[in-house]
Number of protein chains: 2
Amino acid sequence: MQSYTEENYLKVIYHLSEISNPVQTNAIAERIQTKAASVTDMIKKLSEKELVNYVKYQGVTLTEKGKLTAINIVRKHRLWEVFLVDKLNFKWDEVHEVAEELEHIQSSLLIERLDEFLEFPKVDPHGDPIPDQHGNFAELAFVKLSKLSPSEKGTITGVSEHSSAFLKHLEKLGLTLGKRIEVLEVIEFDGSVALDVEQQKINISREVAKHILISKY
Amino acid sequence: MQSYTEENYLKVIYHLSEISNPVQTNAIAERIQTKAASVTDMIKKLSEKELVNYVKYQGVTLTEKGKLTAINIVRKHRLWEVFLVDKLNFKWDEVHEVAEELEHIQSSLLIERLDEFLEFPKVDPHGDPIPDQHGNFAELAFVKLSKLSPSEKGTITGVSEHSSAFLKHLEKLGLTLGKRIEVLEVIEFDGSVALDVEQQKINISREVAKHILISKY
DNA sequence: TTATTATTTTAGACAAATCTAAAAATTTTA
DNA sequence: TAAAATTTTTAGATTTGTCTAAAATAATAA
């Protein structure tokens with residue numbers, strides 16, 4: 001069994017390793033809001049427990065065991081987010097912090113019953129997939145909006161950035177889950193994208209486009 | 001804001017002070033599964049934060065501030081128990097440990113929404129009353145006999161345990177529906193209760209008293 | 001390819017919560 | 001009421017997770 005803190009490190013390493021692998025000490029420190037020295041200490045501890053592979057100065061990767069633990073926390077986090085939005089009427093930009101706490105509750109009975117109560121959801125309110133109890137993700141076909149070319153169409157099915165600033169920005173632009181979009185133009189100068197959303201032409205920066213997930217069907 | 005550990009101490013002191021006030025160091029140590037020395041340390045800390053009144057060797061009482069904090073944790077615990085039983089089909093004897101964890105989640109929005117979702121329950125699955133967000137308990141038609149203080153009177157109007165062993169025990173003691181009782185004394189040692197029933201003085205354990213419901217009118 | 005800069009690790013310290021062992025205070029018993 | 005037993009507190013140590021400052025390593029630039 002891992003401590004609350006250890007769980008947080010594993011989760012953060014899991015998320016960061018989707019961007020780059022192995023994960024750097026400083027990247028973890030920034031995400032966890034702590035100092036690099038503290039990260040090194042914790043990494044050593046996780047390494048002794050065989051939850052991560054660690055080579056000095058080279059960064060960390062999760063072991064199979066560490067990855068399963070991390071995915072389990074992600075599962076709990078996303079199920080709780082569904083609960084908060086579907087049952088308690090939280091808005092999608094209000095759920096993250098509370099789910100950060102709830103994800104550490106230790107009871108597999110609780111989480112399986114919650115899954116059932118929510119009718120086995122496959123994605124969370126941000127469109128991120130929810131793994132099953134064995135750590136397997138359902139196959140979901142989506143692409144970053146920033147990867148689409150002019151004239152390509154699709155439906156917004158998720159985001160890969162969950163700060164409330166970002167989510168509020170999207171709401172203001174009318175870019176919410178389920179909306180149908182078409183790419184009109186990709187500006188060479190800065191990579192920004194011109195879109196058609198419900199007959200409205202809007203422009204978004206490449207930074208924003210990168211975090212919008214599109215299903216092409 | 002209090003730590004997880006501080007919250008636990010406050011909650012335990014709150015519950016123990018219903019049996020005897022002030023609360024002894026050893027009583028807390030036993031409940032929290034720790035050593036008396038550790039309790040003394042924590043009590044000093046809580047005292048500095050003005051959450052408890054502490055006199056060396058005399059035990060502790062909660063301050064108004066400490067009591068409110070404790071009641072708030074009790075509120076959260078009981079609301080989560082209702083959720084687990086009513087929504088996730090937990091049995092009433094499976095909920096306690098999970099609720100012990102859930103009660104420490106910090107989000108008043110969460111707890112108010114949960115209250116609403118559960119349709120503002122007044123009692124938890126064990127029949128214990130759920131205080132409102134200001135720490136007030138609703139006046140209930142029934143009170144557990146174990147909650148009465150010396151000299152309080154009432155009429156036996158129900159039980160919250162239906163095993164035949166328990167019911168036979170009550171018959172033997174003459175504690176049947178409709179009988180008028182008066183609490184003579186609550187024994188500090190084990191929380192057992194001395195009663196007057198039809199001019200007879202009898203003693204019952206706290207465990208039994210907990211399952212006898214009294215109407216005070 | 002050496003110098004500079006950035007990143008990471010080590011060493012030693014600190015705060016929170018706990019522990020053991022011994023001392024102090026209180027309560028009970030004789 | 002003095003001795004014995006119990007309860008509580010103190011003193012000093014330990015564990016977990018963190019920190020600062022300095023040293024080591026790696027990456028980048030001249």
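Order of the sequence lines fixes the chain letters, A, B, ..., with proteins taken first and strands second; residue numbering starts at 1 for each chain.
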TODO: For Ser3(A) and for Ala37(A), find the nucleotide of DNA chain D with the closest heavy atom, then tell me which residue's nucleotide is more 5'.
DONE: Ser3(A)
With a 4.0 Å cutoff (strictly under), does any side-chain N or O of [X] reach OP1 or OP2 of [N]?
X        : N       : answer
Thr25(A) : dT9(C)  : yes
Thr40(B) : dT9(D)  : yes
Tyr57(B) : dA23(C) : no
Thr34(A) : dT18(D) : no
Lys56(B) : dT7(D)  : no
Asn26(B) : dT6(D)  : no

What is the distance, to the nearest angstrom, from the [atom1] atom on [X] to the [atom2] atom on [N]?
X        : N       : atom1 : atom2 : value
Lys44(B) : dT8(D)  : NZ    : C1'   : 10 Å
Lys49(B) : dA16(C) : NZ    : P     : 8 Å
Asn8(B)  : dA16(C) : CG    : C1'   : 15 Å
Gln24(A) : dT25(D) : CD    : P     : 18 Å
Ile32(B) : dT18(C) : CD1   : P     : 8 Å
Met42(A) : dT8(C)  : CE    : P     : 17 Å
Gln33(B) : dC19(C) : CD    : P     : 10 Å
Asp41(B) : dA13(D) : CG    : C1'   : 12 Å

Open item on the list: Are Glu112(B) and Asp115(B) packed together at the side-chain level, in the sense that at least one heavy-atom pair is separated by less than 4.5 angstrom?
Closed with: yes
Open item on the list: Would you say that Val193(B) contacts Asn203(B) through its side chain, given a criterion of any heavy-atom pair below 4.5 Å between the two side chains?
Closed with: no
Task: Candidate nucleotides dT9(D), dT18(D), dT10(D), ranked by approach to the side chain of Tyr54(B) - the nearest - done: dT9(D)
- [ ] Could you work out which one of dT10(D), dT20(C), dT10(C) sits closest to the side chain of Lys35(B)?
- [x] dT20(C)
Open item on the list: Over all strands shown, is Ser38(A) touching base, sugar-phosphate only, or nothing at heavy-atom distances under 4.0 angstrom?
Closed with: base
- [ ] Looking at every strand, decide which applies to Tyr9(B) at a 4.0 Å heavy-atom threshold: base, sugar-phosphate, or nothing.
- [x] sugar-phosphate
Open item on the list: I'd like to know if the side chain of Thr61(A) pairs up with that of Asn21(A) as donor and acceptor (distance under 3.5 Å, no hydrogens or angles considered).
Closed with: no
- [ ] Determine whether the side chains of Thr155(B) and Arg180(B) contain a donor N or O and an acceptor N or O closer than 3.5 Å.
- [x] yes
Open item on the list: Students often mix this up, so state it plainly: with edges at 30° and 60°, are the rings of Phe83(B) and Phe83(A) parallel, tilted or perpendicular?
Closed with: tilted
